[in-house]
Q: 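Quick one: structure below, then a few questions.
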Amino acid sequence: MKVGVLALQGDVREHRAALLEAGADPVEVRRPDDLSAVDAIVLPGGESTTLSMLLESSGVGDALSASLAEGLPAFGTCAGMILLARQVVGGRPDQRSFGVVDITVRRNGFGRQVQSFECDLAVEGTGPVRAVFIRAPVVERVGPDVEVLATVDGPGGPTPVLCRQGPHVVSSFHPELSGDRRIHELFLSGLRH
Ligand code: GLN
C-alpha cells in the first residue's frame with residue numbers, strides 16, 4: 001500500500017520510517033501530482049500555521065482538499081490533527097483546515113507548564129502505548145461520528161488524544177517518535193476493508 005507523507009515541513013523522516021516498519025510503502029508528497037500515486041496520506045507534526053502557508057504556495061493544499069473530498073484516508077499527528085480538524089481555536093484566521101474530522105481543537109491547548117510531556121496511554125483495543133506530546137492541541141469537542149480511542153487528563157478533565165472518523169485517524173501526540181508502530185498499524189488496518 002502506497003502511503004503519502006506530506007513532506008513540506010515537520011517530522012517527515014520519522015513517519016516514513018514508521019510506515020515502512022508497519023508494512024506500508026511511504027511516498028513523499030511535495031507537489032500536487034504526487035497525490036495521484038497514493039492510497040492514503042499522513043500529515044505530520046510541525047507547525048500548522050507554517051504547514052498551512054506551504055500547502056498554499058505549493059498548490060498541494062487544493063489538490064489534497066480535492067483528494068480528501070473523494071475519500072482519501074488521512075492520518076494527522078499533532079499539527080496534522082489541527083489541519084484535519086473541522087474547527088481550530090487559537091489558530092491564525094487564515095490557516096487551512098481540511099475539516100474531514102468533526103472535532104474542535106485548541107492549538108497549544110495543554111498550557112505553558114506542560115507544553116511537552118510523555119505518558120502511557122490506554123488505547124482502545126491496543127493496550128498501553130507510550131505517547132510523546134509536544135505543544136500539542138487539545139480536543140475540545142468531538143462530533144457524533146467520531147470515535148475516541150484514547151484520552152489523557154487535560155486542563156478540563158479527560159481529553160481525547162486519539163480519534164477516528166471513518167478511515168481517518170488523528171492524534172494530538174507523536175506516534176512516530178516512540179518507536180512503537182501500533183498507532184500506524186491501527187491507521188493502516190482501517191484501510192484494508
Ligand atoms: N503547536 C503546533 C501547531 O500549532 C503543533 C506542534 C506539533 O506538531 N508538535 O501547529
Side-chain angles (χ1 to χ4, degrees), residues 3-19 26 28-30 40-58 60-61 64-65 68 74-121 123 129-142 149-156 159-164 168-181 183-184 186-187:
V3 178
V5 180
L6 184 67
L8 301 176
Q9 190 241 356
D11 43 3
V12 176
R13 213 174 38 161
E14 293 81 356
H15 270 293
R16 282 186 55 121
L19 285 166
E28 293 196 0
V29 171
R30 298 175 197 283
I41 187 153
V42 173
L43 278 60
E47 201 59 46
S48 57
T49 48
T50 307
L51 277 163
S52 194
M53 287 190 287
L54 295 171
L55 280 164
E56 200 62 39
S57 59
S58 64
V60 173
L64 180 52
S65 184
L68 291 168
F75 176 22
T77 63
C78 203
M81 172 193 246
I82 298 171
L83 289 171
L84 292 174
R86 177 74 41 87
Q87 211 179 0
V88 178
V89 181
R92 279 171 50 132
D94 60 346
Q95 95 175 65
R96 184 131 206 175
S97 268
F98 292 109
V100 292
V101 179
D102 186 16
I103 54 175
T104 301
V105 296
R106 178 178 293 276
R107 287 185 67 212
N108 305 322
F110 281 98
R112 285 190 82 77
Q113 321 81 310
V114 284
Q115 278 187 337
S116 300
F117 61 98
E118 284 188 40
C119 66
D120 288 318
L121 277 186
V123 176
V129 170
R130 191 79 184 153
V132 180
F133 293 80
I134 304 168
R135 289 164 44 81
V138 162
V139 175
E140 294 193 332
R141 181 196 61 88
V142 171
L149 303 177
T151 61
V152 297
D153 290 329
T159 302
V161 293
L162 179 65
C163 301
R164 178 161 60 194
H168 308 305
V169 175
V170 286
S171 68
S172 39
F173 57 97
H174 288 270
E176 73 286 4
L177 295 182
S178 62
D180 185 331
R181 304 313 182 201
I183 307 295
H184 286 78
L186 183 142
F187 172 60

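As a basis for the values below, the full set of heavy atoms in this structure was taken, side chains included, without hydrogen atoms, waters or symmetry mates. Order of listing sets the numbers, starting from 1, for every ligand and every atom in it.
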Q: So, do E176 and I183 sit near enough that their side-chain heavy atoms are less than 4.5 Å apart?
A: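 Heavy-atom side-chain distance check fails, nothing below 4.5 Å.
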Q: Which heavy atom of P44 sits nearest to which heavy atom of D11, and what is that distance?
A: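 In this case the closest contact between P44 and D11 is CB-OD1, 3.4 Å.
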Q: Hey, could you give me each pair passing ring-ring contact (aromatic ring centres under 6.0 Å, His included) that has a residue in residues 75-108? Not counting sequence neighbours.
A: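 Residue pairs with at least one partner in residues 75-108: F75-H184, F75-F187.
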Q: Under the rule for salt bridge (Lys or Arg N to Asp or Glu O under 4.0 Å), what residues qualify as partners of R96, not counting sequence neighbours?
A: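 For R96, the residues satisfying salt bridge (Lys or Arg N to Asp or Glu O under 4.0 Å) (neighbours in sequence not counted) are E56, D62.
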Q: Please table the atom pairs, donor to acceptor, closer than 3.5 Å between any side-chain atom in residues 77-90 and protein atoms at least two apart or in another chain.
A:
from	atom 1	to	atom 2	distance (Å)
T77	OG1	H15	NE2	3.1
T77	OG1	G45	N	3.3
R86	NE	G99	O	3.0
R86	NH2	G99	O	3.2
Q87	OE1	T104	OG1	2.9

Q: Go through the steps to decide whether S52 and R92 satisfy the test side-chain contact (heavy atoms from CB on, under 4.5 Å), and finish with yes or no.
A: CA-CA 10 Å; S52 194; R92 279 171 50 132; over 6 Å; no
Q: Check each N or O atom of ligand 1 against all protein N or O atoms and list the pairs under 3.5 Å, with atom names and distances to 0.1 Å, one per line.
A:
from	atom 1	to	atom 2	distance (Å)
ligand 1	1 (N)	N108	OD1	2.6
ligand 1	1 (N)	R135	O	3.0
ligand 1	4 (O)	S48	OG	3.4
ligand 1	4 (O)	R107	NE	2.6
ligand 1	4 (O)	R107	NH2	3.0
ligand 1	8 (O)	G46	N	3.0
ligand 1	8 (O)	G46	O	3.1
ligand 1	8 (O)	A79	N	3.1
ligand 1	9 (N)	I134	O	3.0
ligand 1	9 (N)	H174	NE2	2.8
ligand 1	10 (O)	S48	N	2.5
ligand 1	10 (O)	S48	OG	2.9

